[in-house]
Amino acid sequence: MPTASRTCTAPLAPTPRWTALAIERWFARAARELPWRRITATGYRDPYVSLVSEAMLQQTQVSRVLDKFTPFIARFPTVHALADAPEQDVLAMWSGLGYYRRARHLHAAAKAIVERHAGVVPADPVELVKMPGIGAYTAGAVASLAFHVRAPIVDGNVRRVLLRVNGLDVDAEAGESAAWREATAIAESARNVALANEGLMEFGATICTPRAPKCGTCPLRSRCVARAMNTQDTIPRAKTAPARSMIHHLALLVRDGRGRLLVEQRPGTGLWAGLWQAPALELSKRPRSAIAAVREFADSIRVGPPKDRPFMILRHELTHRRIEARVWASERMSRKKPMQGIFLAPGEIADLPLSALHRRILLSEQCSS
DNA sequence: AATTCGGGGGC
DNA sequence: GCCCCAGAATT
């Protein structure tokens, strides 16, 4: 028996090869069936489908994307169909997913693929990353998952998994470059890079979760440094949250004689750029008198006076803002000064690109009428 | 390097 | 309430 027993030695981190093979083995058995994972006659998945799903999945959970993905592909089945579609149609199919810039970028990327690559999605991540809305992650994902190119990918899941397995007790930002180095080594040593890459993400989403990771059934636990040192719950370290500003919306619901609702389009930049909504006054402070403000607003857009009280108050939270919307029903429109604007019937409103906030406003008025 | 861009799930 | 999510572009 050795006299110098090792009682408190840090465990040895696994090699990239070991991690890749363990993840591949696990994923081959545990993969969820998702609509964008279907294999075509080529033996690989449709790269256009991969491109759409990866754009939708940016900062968006799988369960959210499931509702929107199939209708989107049905409406725009090919890269040509998407490239030829009006932007408003693309936004309408994206409505409710958030981060609408992604939809515009995806649309622009489809046009670029048609114009510069004869309508064929490139397999080279160096080419992919030149397209609007495609960064290092999405380029690597399309290249590796749809073409089996040995390109690395690091998303929030992969970063967390690799930091934990290697016991790097840092915050997510500090661990970014280390995660890319490790992901590169994994992609290069994997047996099947598509299985290894997608498996790492799935593993992070279902086993090595942000909170309460399932270490008891983890296929990596024999070699996981975080598990051995009981740091799995603190990796990656949290960062301080940004302050949130308050915005007050005073929205008006205006109907014409046929019961249609007035809508306006937001400016081309900033929050909910180019999306449609009920006409609204937006204030950075709570108004001294909301009713006075909304009366003045109604007069300025030439509609009849609002009722005395809002019929609905909605609260909506975004990452950097918190929005309180008070919604007034306006009385009839002024006949003397007929206002100009766009009125839409309920069925037509359903086809507009609307933020979740204004969808709630407009649809609830449709229901209450 | 820090901010902006949505919306919702999970605890 | 807080953190996070198959991130990317802009400042």
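Labels below follow one simple rule: chain letters A, B, ... track the order of the sequence lines, proteins then strands, and each chain is numbered from 1.
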Next item on the list: Determine the Euclidean distance between corresponding P atoms of B:dG8 and C:dA9; express it in Å to zero decimal places.
Entry: 24 Å
Notebook entry, point to check: By a strict heavy-atom criterion of less than 4.0 Å, which residues belonging to residues 152-159 of chain A are in contact with DNA chain C?
Noted result: A:Asp155, A:Gly156, A:Asn157
Checklist line | C1' spacing across the pair B:dC5 / C:dC4, given as an integer number of angstrom | finding: 16 Å
Notebook entry, point to check: What nucleic acid atoms does A:Ser53 come within less than 4.0 Å of, heavy atoms only: base, sugar-phosphate, or nothing?
Noted result: nothing
Margin query: Just to be sure I understand the rule, does A:Leu34 reach a base, reach only the sugar-phosphate, or reach nothing, if contact means heavy atoms closer than 4.0 Å?
Written below: base
Next item on the list: State the CD1-CG distance between A:Ile342 and A:Leu261, to the nearest 0.5 angstrom.
Entry: 13.5 Å
Notebook entry, point to check: Over how many whole Å does the gap from A:Arg266 atom CZ to B:dG6 atom C1' extend?
Noted result: 12 Å
Check: When the P atoms of C:dT11 and B:dG6 are considered, how many whole Å apart are they?
Finding: 15 Å
Next item on the list: State which of C:dA6, B:dG6, C:dC5 makes the closest approach to the side chain of A:Arg160.
Entry: C:dC5
Notebook entry, point to check: Around atom CZ of A:Arg17, are there more than 12 heavy atoms of other residues, nucleotides or ligands at under 6.0 Å?
Noted result: yes
Checklist line | Whole-Å gap separating C1' (C:dC5) and CD (A:Glu202) | finding: 14 Å
Next item on the list: Would you kindly compare A:Ser63 and A:Gln58 by the position of their nearest DNA chain B nucleotide and give the one closer to the 5′ end?
Entry: A:Gln58
Check: Among B:dG9, C:dA6, B:dG6, which nucleotide sits nearest the side chain of A:Tyr100?
Finding: B:dG6
Item checked: Touch class at under 4.0 angstrom, heavy-atom based, for A:Ala273 against every strand present -> nothing
Next item on the list: Round to a whole Å and report the spacing from NE2 of A:His105 to C1' of B:dC5.
Entry: 11 Å
Checklist line | Nucleotide paired to B:dG6 in any strand shown, Watson-Crick or G-U, under 3.5 Å | finding: none
Next item on the list: Take the protein atom CG of A:Leu57 and the nucleotide atom P of B:dG6, then report the distance between them rounded to whole Å.
Entry: 18 Å
Margin query: Regarding A:Arg37, tell me which of base, sugar-phosphate or nothing describes its non-hydrogen contacts under 4.0 Å with the strands shown.
Written below: base
Margin query: Do A:Arg102 and A:Thr60 pair up side chain to side chain, a donor and an acceptor below 3.5 Å, judged on atom types alone?
Written below: yes
Margin query: I need the CG-P distance between A:Leu66 and B:dG7, as an integer number of Å.
Written below: 19 Å
Item checked: A:Arg288 CZ: over 12 foreign heavy atoms closer than 6.0 Å -> no
Check: Taking for each residue the nucleotide of DNA chain C bearing the nearest heavy atom, is the 5' side occupied by A:Ala139 or by A:Gln61?
Finding: A:Gln61
Checklist line | Side chains of A:Thr231 and A:Asp169, donor plus acceptor under 3.5 Å | finding: no
Check: Atom NE2 of A:His249 and atom P of B:dG6: how far apart are they, to the nearest Å?
Finding: 12 Å
Next item on the list: Can you establish whether the number of heavy atoms outside A:Arg309 located under 6.0 Å from its atom CZ is more than 12?
Entry: no
Next item on the list: Can you measure from CH2 (A:Trp36) to CG (A:Leu145) and round to the nearest 0.5 angstrom?
Entry: 12.0 Å
Next item on the list: Please determine, by modelled atom types, if A:Glu54 and A:Tyr137 share a side-chain donor-acceptor pair under 3.5 angstrom.
Entry: yes
Margin query: So if I take every side-chain heavy atom of A:Arg101 and compare against B:dG9, C:dC5, C:dA8, which nucleotide ends up nearest?
Written below: C:dA8
Note to self: Can you pull out the residues from residues 205-218 of chain A that lie within a 4.0 Å heavy-atom distance of DNA chain C?
What the structure shows: A:Pro210, A:Arg211
Next item on the list: Look up atom CE in A:Met56 and atom NZ in A:Lys68, then write down how far apart they are to the nearest 0.5 Å.
Entry: 9.0 Å
Item checked: d(CD1, A:Ile323; P, B:dT4) in whole Å -> 14 Å
Next item on the list: Give a yes or no answer on whether the side chain of A:Lys111 reaches the backbone of A:Leu82 with a donor-acceptor pair at less than 3.5 Å.
Entry: no
Note to self: Can you tell me whether the side chain of A:Thr60 and the base of B:dG7 have a donor-acceptor pair closer than 3.5 Å?
What the structure shows: no
Note to self: Any side-chain N or O of A:Arg102 below 4.0 angstrom from OP1/OP2 of B:dC5?
What the structure shows: no
Item checked: Contact under 4.0 Å: A:Trp94 side-chain N or O vs B:dG6 OP1/OP2 -> no
Next item on the list: Look up atom CD in A:Glu198 and atom CG in A:Leu34, then write down how far apart they are to the nearest 0.5 Å.
Entry: 7.5 Å
Margin query: The side chain of A:Glu54 is closest to which nucleotide in this list: B:dG6, C:dA6, C:dA8?
Written below: C:dA6
Next item on the list: Whole angstrom is fine here: how far is it from CH2 in A:Trp272 over to P in B:dT4?
Entry: 15 Å
Margin query: Please classify the nucleic acid contact of A:Gly96 as base, sugar-phosphate, or nothing, using heavy-atom distances under 4.0 Å.
Written below: sugar-phosphate
Item checked: A:Glu282, CD atom: more than 12 neighbouring heavy atoms under 6.0 Å -> yes
Checklist line | Side chain of A:Val62 - closest among C:dG7, C:dA6, B:dG9 | finding: C:dA6
Next item on the list: Name the closest nucleotide to the A:Gln59 side chain, picking from C:dA6, C:dC5, C:dA9.
Entry: C:dC5
